[in-house]
Amino acid sequence: MASILDVLRERDDLSTYVIHLTKGGGDAAFDNLVSILSGRRIEARNHFGLPQSRRLAERFKGTAFARTQQAVCFTETPLKHVRHMCAEIENRSTRLRDYGVAFTRNYARRRGISPLWYVDTSPGQPGMRSHDWLTNPLRDLIDDAVRAATPEGSTEPNPARLAAQPVFRLTPFVETMGPTRDGRRKEFWWEREWRKVGPLNFVPYEVIAAVVPERDHRRLRTGLAAMPGYRGLRLVDALWTPSRIAEAMAGVEAGPFST
C-alpha cells in the first residue's frame, strides 16, 4: 500500500508547467541552456502560425511584420512527461532535447504566453464536408489584411502596415494538423504547445526549475555559481522517476494559484 507521502508526491508531480526545451546535438543543447540562463532571455528566432502568414513573414524577413510572427515555443506538461516530449516523434520535424527551463502557467499567462489553437485540415470523409471550413475564414482575413496594407498603385503590401493588421496578432497562435503537401501527416495533438510573440526576458526567481540530465548537474551548478540569482534553482532529470522528481521539487509552489 502506498504511503501518504507517496500519494502526496505523486499528486505534486501532476503540477504542469510551461517548459522551453532547447535543440541541438552534442553539447549544443547544454550550451543553449547556459546561454538562456546567463542572458535571462529566450530568443524568438522562427516564424510560426498558418502557412499563409509564415510565407508572408519569410517574404518580408527582417521587417517589423516578420517580427510579429516570430515566437518562443513552450510545452505544457508535468515534469515527469518531459521525456516523452524529447522522444523522436513521427512526422515532427524538430527533435527537442532534455535541456530547458520551466515556468508556472500563471506566470506564462501574465507574460503573454498563450496556448495554441489547433486546426484540423484533414479531408472530409465520403459524403462529409472537408475541414477547410475551419481555416478558410482565417485565410480570407489574411487576404483582406494584405489588400489593406497594399498602397494604392502598388502590388506589394507595406510591411509596417501589415504589422498593424489585427489578424496577425492571432496567426502565430494557430497551428494546422492533418495531411501535409508532401504526403506526410502532422498529428501530435497531445502536445499542448504555448507560444509567446517576441523574446521572453525573465529574472532568475521566475524559473521554477531547469531540466537537465543528471550527468550535467555538477557542470551546470558550477556555471550557475557565477550567475547571480540562481542559488537553489531546482535541477531535474527528465529520466528520473516521478517520486524522485517530486523530491527535487518539494516545497515549490506550483498549484493553480501559484505565480
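Computed from a prediction, not measured in an experiment: that's the story for all the values here. What you see below is based on every heavy atom in this structure, not just the backbone, and it leaves out hydrogens, waters and symmetry mates.
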Heavy-atom closest contact ([X] atom, [Y] atom, distance):
X      : Y      : result
Val18  : Ala108 : CG2-CB, 3.6 Å
Glu156 : Pro151 : O-CD, 3.4 Å
Lys23  : Asn32  : O-ND2, 2.9 Å
Gly229 : Pro204 : O-CB, 3.3 Å
Ala44  : Pro199 : CB-N, 3.8 Å
Ala163 : Thr68  : CB-CG2, 3.9 Å

Counting distance only, does the side-chain N/O of [X] pair as donor-acceptor with the main-chain N or O of [Y] below 3.5 Å?
X      : Y      : result
Arg97  : Ala28  : no
His20  : Ala102 : no
Thr222 : Arg218 : yes
Ser154 : Thr150 : no
Arg195 : Phe173 : no
Ser38  : Val34  : yes

For the residue pair [X] and [Y], establish whether any side-chain heavy-atom pair is separated by less than 4.5 Å.
X      : Y      : answer
Met249 : Leu79  : yes
Glu214 : Arg244 : yes
Phe60  : Pro157 : yes
Leu21  : Ile19  : yes
Val101 : Leu37  : yes
Trp194 : Arg109 : yes
His47  : Glu58  : yes
Leu50  : Ile142 : yes

Determine whether the aromatic ring centres of Tyr107 and Phe202 lie less than 6.0 Å apart.
no

So that I know where these two stand, are Phe65 and Phe168 an aromatic pair - ring centroids less than 6.0 Å apart?
yes

How long is the straight-line distance from [atom2] of [Y] back to [atom1] of [X], given to the nearest 0.5 Å?
X      : Y      : atom1 : atom2 : value
Leu56  : Gln69  : CG    : CD    : 8.0 Å
Leu235 : Asp216 : CG    : CG    : 10.5 Å
Ser114 : Lys196 : OG    : NZ    : 10.0 Å
Ile42  : Asn201 : CD1   : CG    : 9.5 Å
Ile208 : Phe103 : CD1   : CZ    : 9.0 Å
Thr135 : Asp140 : OG1   : CG    : 9.5 Å

Quick check: is [Y] connected to [X] through a chain of hydrophobic side chains (ILVMFWY, heavy atoms under 4.5 Å apart)?
X      : Y      : answer
Leu33  : Val207 : yes
Met227 : Tyr205 : no
Val167 : Phe48  : no
Tyr99  : Leu200 : yes

Any side-chain donor near an acceptor of the partner, [X] and [Y], under 3.5 Å:
X      : Y      : result
Asn136 : Arg139 : yes
Thr75  : Thr77  : no
Gln52  : Asp143 : yes

Pair Glu76, Arg105 - check side chain to side chain contact (heavy atoms under 4.5 Å, CB included), show working.
CA-CA 8 Å; Glu76 179 193 356; Arg105 286 175 296 176; 3.2 Å; yes

Given the rule in the side chain to side chain contact (heavy atoms under 4.5 Å, CB included) test, do Thr22 and Asp98 qualify, once you have shown the distances and angles that lead to the verdict?
CA-CA 7 Å; Thr22 65; Asp98 50 349; over 6 Å; no

Let's go through His217 and Val212 carefully: what are the C-alpha distance in whole Å and the side-chain angles of both, what is the deciding distance for side chain to side chain contact (heavy atoms under 4.5 Å, CB included) to 0.1 Å, and is it a yes or a no?
CA-CA 7 Å; His217 282 196; Val212 61; 3.2 Å; yes

Please determine whether side chain to side chain contact (heavy atoms under 4.5 Å, CB included) holds for the pair Leu138 and Leu170, giving the CA-CA distance in whole Å, both sets of side-chain angles, and the decisive distance to 0.1 Å.
CA-CA 9 Å; Leu138 288 172; Leu170 171 66; 3.6 Å; yes

Inspect the surroundings of CZ in Arg221 and state if more than 12 heavy atoms from other residues, nucleotides or ligands are less than 6.0 Å away.
yes

Mind checking what makes salt bridge (Lys or Arg N to Asp or Glu O under 4.0 Å) contact with Asp27, not counting sequence neighbours?
Arg219

In chain order, what residues pass the side-chain hydrogen bond (donor to acceptor under 3.5 Å, both in side chains) check against Arg231, with sequence neighbours excluded?
none

Identify whether the distance between the nearest side-chain nitrogen and carboxylate oxygen of Arg40 and Glu206 falls below 4.0 Å.
no

Short N-O contact, Arg234 and Glu247, less than 4.0 angstrom
no

